[in-house]
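Below: the structure, in C-alpha cells.
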Amino acid sequence: MSATDFWEPCWACAVLAGEREGWTVFENDDVAVLLNPFALSNGHCLVVPRPHLRNLYEIPGHLAGPILSTAARVARAAKQSFSADGITLRQNNDPASDQHLFHFHLHVIPRFIGDEARFNAPPRQVAHRDQAAIAERLRSALAVTL
C-alpha cells in the first residue's frame with residue numbers, strides 16, 4: 001500500500017467512525033487527537049476536527065479555538081510523558097505543502113536535541129504494538145494535564 005493509498009478514503013474520518021485501525025488518544029464534541037501512524041517521534045499526534053474539513057481554508061472560527069487549545073494540552077502532555085526537549089506544531093495545506101491526509105490536522109510533534117536528521121527524514125509507519133503503548137502513555141499523561 002502506498003502512503004497516498006493509506007490516507008484515502010479519509011483515514012481520520014474512518015478511524016473516528018471505527019472503520020479503520022487507529023489510536024484515538026483524546027476526543028470531545030469538537031476535536032479528536034489521533035496518534036500519527038507515520039510518527040516522526042514517539043507521541044507524534046494529529047489534532048483533527050470531528051467534521052470532515054479538508055484543510056485550513058475550511059476551518060470555521062468556532063473550531064479554531066478548540067483545535068489550538070487541544071494542541072496545547074497535547075503538547076504539555078507529550079513534553080512531560082516523553083521527556084521531550086521541545087514541541088513542534090506543523091500544519092500543511094494542499095499537495096504543494098506536503099499535505100497527504102486531506103482532513104485538516106495539526107501535527108503535535110515531540111522534539112529532541114539532535115533529532116534534525118530524523119525530523120527531516122521520510123516518515124515510516126510505526127508498528128501496531130508500539131502505537132498501542134505510545135497511545136496509552138499519552139492518554140495517561142493527558143488525564144492529568146490541563
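Bear in mind the structure is a predicted one, so any value in this text is a computation, not a measurement.
Using a 4.5 Å heavy-atom threshold, the side chains of Val48 and Leu16 count as touching. When side chains are defined from C-beta on, Phe6 counts as touching Trp11, because their heavy atoms get closer than 4.5 Å. Side-chain contact between Leu63 and Pro51: present, with at least one pair of heavy atoms (C-beta onward) separated by less than 4.5 Å.
The salt bridge (Lys or Arg N to Asp or Glu O under 4.0 Å) contacts involving residues 78-91 comprise nothing, where partners must be two or more places apart or lie in separate chains. The stretch residues 29-48 participates, sequence neighbours left out, in no salt bridge (Lys or Arg N to Asp or Glu O under 4.0 Å) pair at all. Residue pairs meeting the ring-ring contact (aromatic ring centres under 6.0 Å, His included) criterion with at least one partner in residues 51-98, sequence neighbours excluded, are His52-His103. Among residues at least two apart or in separate chains, side-chain hydrogen bond (donor to acceptor under 3.5 Å, both in side chains) pairs with a member in residues 119-129 are Glu21-His128.
Between Ile67 and Val31 the shortest heavy-atom distance is CG1-CG1, 3.7 Å. In this structure, Gly43 and Ile134 approach most closely via the heavy-atom pair N-CG2, 3.5 Å.
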Just list the side-chain donor-acceptor pairs under 3.5 Å for residues 32-42, sequence neighbours left out, or say none.
from, atom 1, to, atom 2, distance (Å)
Asn36, OD1, Phe38, N, 2.8
Asn36, ND2, His44, NE2, 3.1
Ser41, OG, Pro110, O, 2.6

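Interatomic distance, CG of Leu138 versus OG of Ser81, reported as 5.0 Å (0.5 Å rounding). Here the straight-line distance linking atom CD1 of Ile59 with atom CG of Leu53 works out to 4.5 Å at 0.5 Å rounding. Distance NE2/His107 to CG/Leu89: 10.5 Å, rounded to 0.5 Å. Interatomic distance, CG of Leu101 versus CG of Asn55, reported as 11.0 Å (0.5 Å rounding).
Put simply, the side chain of Ser97 gets close to the backbone of Asp94: a donor and an acceptor are under 3.5 Å apart. Checking side-chain atoms of Gln131 against main-chain N and O of Trp23 turns up no donor-acceptor pair under 3.5 Å.
Among residues two or more places apart in sequence or in another chain, the side-chain contact (heavy atoms from CB on, under 4.5 Å) test is passed with Ala14 by Glu19, Arg20. Not a single side-chain hydrogen bond (donor to acceptor under 3.5 Å, both in side chains) links Asn28 to another residue, sequence neighbours left out. Under the rule for a salt bridge (Lys or Arg N to Asp or Glu O under 4.0 Å), the partners of Arg50 that lie at least two apart in sequence or sit in another chain are Glu27. Listed by chain and residue number, Leu56, Asn93, Phe104, Leu106 satisfy the side-chain contact (heavy atoms from CB on, under 4.5 Å) test with Gln91 (two or more places apart in sequence, or in another chain). Arg118 pairs by the side-chain hydrogen bond (donor to acceptor under 3.5 Å, both in side chains) definition with nothing, not counting sequence neighbours. Among residues two or more places apart in sequence or in another chain, the salt bridge (Lys or Arg N to Asp or Glu O under 4.0 Å) test is passed with Arg139 by Glu136. Contacts of Asp115 classified as side-chain hydrogen bond (donor to acceptor under 3.5 Å, both in side chains), with partners at least two apart in sequence or in another chain: Arg111.
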**OP:** Might you work through the side-chain contact (heavy atoms from CB on, under 4.5 Å) test for Ile109 and Ile87, ending with a clear yes or no?
**Re:** CA-CA 5 Å; Ile109 310 167; Ile87 299 289; 5.9 Å; no
**OP:** Quick one: do Arg73 and Leu142 satisfy side-chain contact (heavy atoms from CB on, under 4.5 Å)? Show the steps, please.
**Re:** CA-CA 7 Å; Arg73 184 172 172 215; Leu142 278 167; 3.8 Å; yes
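Following chains of ILVMFWY side-chain contacts shorter than 4.5 Å, one cannot reach Phe102 starting from Leu46, and the two form parts of different hydrophobic clusters.
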